[in-house]
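One structure is given here, and the rest of the page talks about it.
Labels below follow one simple rule: chain letters A, B, ... track the order of the sequence lines, proteins then strands, and each chain is numbered from 1. Values in this document were obtained by computation on a predicted structure and should not be read as measured data.
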Amino acid sequence: MTLRLYDTATGEVRDFVPLEEGKAGIYVCGLTVQSEPHVGHVRSAVNFDVLRRWLAATGHDVTFIRNITDIDDKILTKSAEQNRPWYNLAYDMKRELDKAYDALHVLPPTYEPAATGHVPEMVELIELLIERGHAYPAADDSGDVYFDVRSWPAYGELTHQGIDDMEAAEDADPRGKRDPRDFALWKGWKQATEPRTASWRAPWGRGRPGWHIECSAMAGKYLGQAFDIHGGGVDLRFPHHENEQAQSKAAGGAFASYWLHNAWITTSGEKMSKSLGNSLLVPEVLKKVRGIELRYYMVAAHYRSHVEFSFEALADAATAFGRIERFLEKAGGSAEGAPFPEAFAAAMDDDLGTPAAVAAIHDAVRQGNCQVAAGDASGAAATANQVRAMLSVLGLDPADPHWTQDSGTGSADLKGVVDVLIAGLIDQRQAARASKDFAAADAIRDQIAAAGVEIEDTPQGARWTVTGKD
RNA sequence: GGUGGGUUGGCCGAGAGGCGAGGCAACGGACUGCAAAUCCGUCUACACGGGUUCAAAUCCCGUACCCACCUCCA
């Protein structure tokens, strides 16, 4: 069984054949750090995190690059409004983003290049494009440099569009451009309105890079002129990815073999976006559910499906995930070395079919619960190992230290203390039940429940878990 | 105007010609002192109108509605 991926460039599911066997190079467009991340942003990160984990789990040595765009128009505008340096705003937002990724257990990339750290590479790439006749300095004295779309016949191939069918931007300022669709590789420094710190020296005068050239330069630097997978949100297909590909190919590289695009999380039917102001910020959502539950909610839908966000559906997902957690608490098991059930591997290989993969997990949980009920402890533990192996691929193993450490230092000590206290109450309740004083037994159960601890009666006696909910 | 995606049960959400995804909720049963948890069962849906086929949620034609992109965007 080989991994098959839906390549948006060709519009079909294709076998994944890496350029170099056993390795995978992935470039994912990260964020422009101009405001706090919302759940849509982390969905994208989670989707590609799952891709990366599955590739690693199936024996690939993965190089995963996710960039940070830390200079652009919006960052400059916002920082001016807030009366602080642009790099301070970008850095603050970058830290917020890291927190959100961490809360969802999105693994850190192999490397996370920032645009401002790669201006020389971008300048070099632009020079090459000018040499090759695919770019030109603006005819006016703006200091801009544009990509010449008419010089690149394949322009539009990624998104299957003809240049002449594209609407030119209504607000496009044609000054200096040969074609209104030409896009900026370099933006000349506007001395009147922009800080000098946001400009760099270049053969065409001071300025800063355009958005698209950043990714071409950074992908080329860290993954080479040809690499395996390029990912991002669907809205980046055009213009961003189209332009990236045009630049990199015009410069002589093969660029990405596969293009993967994840769909939206919408709210009230519309795309969540900074400009629409309908964003659900990650910390807000995490007040209602744990990070692992939010991640489960995202993974339970296919990455190419639109998800209409609702707190109701999120609560359902949290309940469903609770089933899995309860089973693992009962059955134990370790995370090491369990093989993936065939249904799970087949689902993941089929264009990362996480919904079917989650269904395979639930099937295993049901089987494991039956083993627990039948008193088959070793069978249940073996099933639990499988469940944990599957969950790990999705970044959802509740026993992963990443998820267990966040209850604070000393929680292990605390658990020992609570265990003694609860055990005393459970003994009292058992005594009451033995003497058929059920009113007293139920009173104890209610008392414990009020503290957020749930009692489960089993043939081996009562066991307790902290639900944290009432 | 061009390009891409969608419409599935009470809800979320898979599937892509036959073999009832999965979860949540609800109801019934087993278990339990009663519950909870767990297990078993019930609820047979695919926007609309045609067509192809032994067989269509799936393919074809048409219609309606929704969303995204066309140079800020995960």
Please list, pair by pair, any protein nitrogen or oxygen found under 3.5 Å from a nitrogen or oxygen in nucleotides 40-43 of chain B.
none

Passing option when A:Thr159 is tested against A:His241, A:Arg237, A:Glu242 for side chain to side chain donor-acceptor pair (under 3.5 Å):
A:Glu242

[X] [atom1] to [N] [atom2]: how many Å, rounded?
X: A:Glu312; N: B:C12; atom1: CD; atom2: C1'; value: 11 Å
X: A:Lys330; N: B:C39; atom1: NZ; atom2: P; value: 7 Å
X: A:Leu281; N: B:A74; atom1: CG; atom2: C1'; value: 14 Å
X: A:His306; N: B:A74; atom1: NE2; atom2: C1'; value: 13 Å
X: A:Ile455; N: B:U32; atom1: CD1; atom2: C1'; value: 14 Å
X: A:Ile265; N: B:G6; atom1: CD1; atom2: P; value: 18 Å

Expressed in whole Å, how much space separates the [atom1] atoms belonging to [N] and [M]?
N: B:A37; M: B:C46; atom1: P; answer: 32 Å
N: B:A26; M: B:G10; atom1: C1'; answer: 8 Å
N: B:G23; M: B:C59; atom1: P; answer: 27 Å
N: B:U8; M: B:G13; atom1: P; answer: 9 Å
N: B:U44; M: B:G15; atom1: C1'; answer: 15 Å
N: B:U38; M: B:C24; atom1: P; answer: 8 Å
N: B:C43; M: B:G5; atom1: C1'; answer: 31 Å
N: B:U52; M: B:C60; atom1: C1'; answer: 7 Å

If you compare every side-chain N and O of [X] against the phosphate oxygens of [N] (OP1, OP2), does one of them come in below 4.0 Å?
X: A:Arg429; N: B:A35; result: no
X: A:Ser305; N: B:A14; result: yes
X: A:Arg323; N: B:U38; result: yes
X: A:Tyr155; N: B:C70; result: no
X: A:Asn369; N: B:C39; result: yes
X: A:His41; N: B:A74; result: yes

Between A:Thr32 and A:Ile75 the two heavy atoms that sit nearest each other are CG2-CD1, 4.0 Å

Minimum-distance pair of heavy atoms, taken over all atoms of A:Glu112 and A:Lys94:
OE1-NZ, 3.0 Å

Indicate yes or no for a side-chain donor-acceptor contact from A:Thr319 to the backbone of A:Ala315 under 3.5 Å, with no hydrogens or angles considered.
yes

Between A:Asp148 (side chain) and A:Ala135 (backbone), is there a donor-acceptor pair under 3.5 Å?
no

Distance-only donor-acceptor test (3.5 Å): side chain A:Asp442, base B:G33
yes

Is the base of B:C70 touched by the side chain of A:Arg237 through a donor-acceptor pair closer than 3.5 angstrom?
no

Per nearest nucleotide of RNA chain B, the residue lying toward the 5' end, A:Pro355 or A:His160, is A:His160

5' priority, RNA chain B, between A:Ala360 and A:Phe438 [closest heavy atom]:
A:Ala360

Salt-bridge test for A:Lys99 and A:Asp102: reply yes if a basic N is under 4.0 Å from a carboxylate O, no otherwise.
no

Charged N to carboxylate O under 4.0 angstrom, A:Asp442 versus A:Arg445?
yes

Would you compute the distance between atom OG of A:Ser79 and atom CZ of A:Arg84 and round it to the nearest 0.5 angstrom?
8.0 Å

OG1 of A:Thr77 to CG of A:Asp73: how many Å apart, nearest 0.5 Å?
6.0 Å

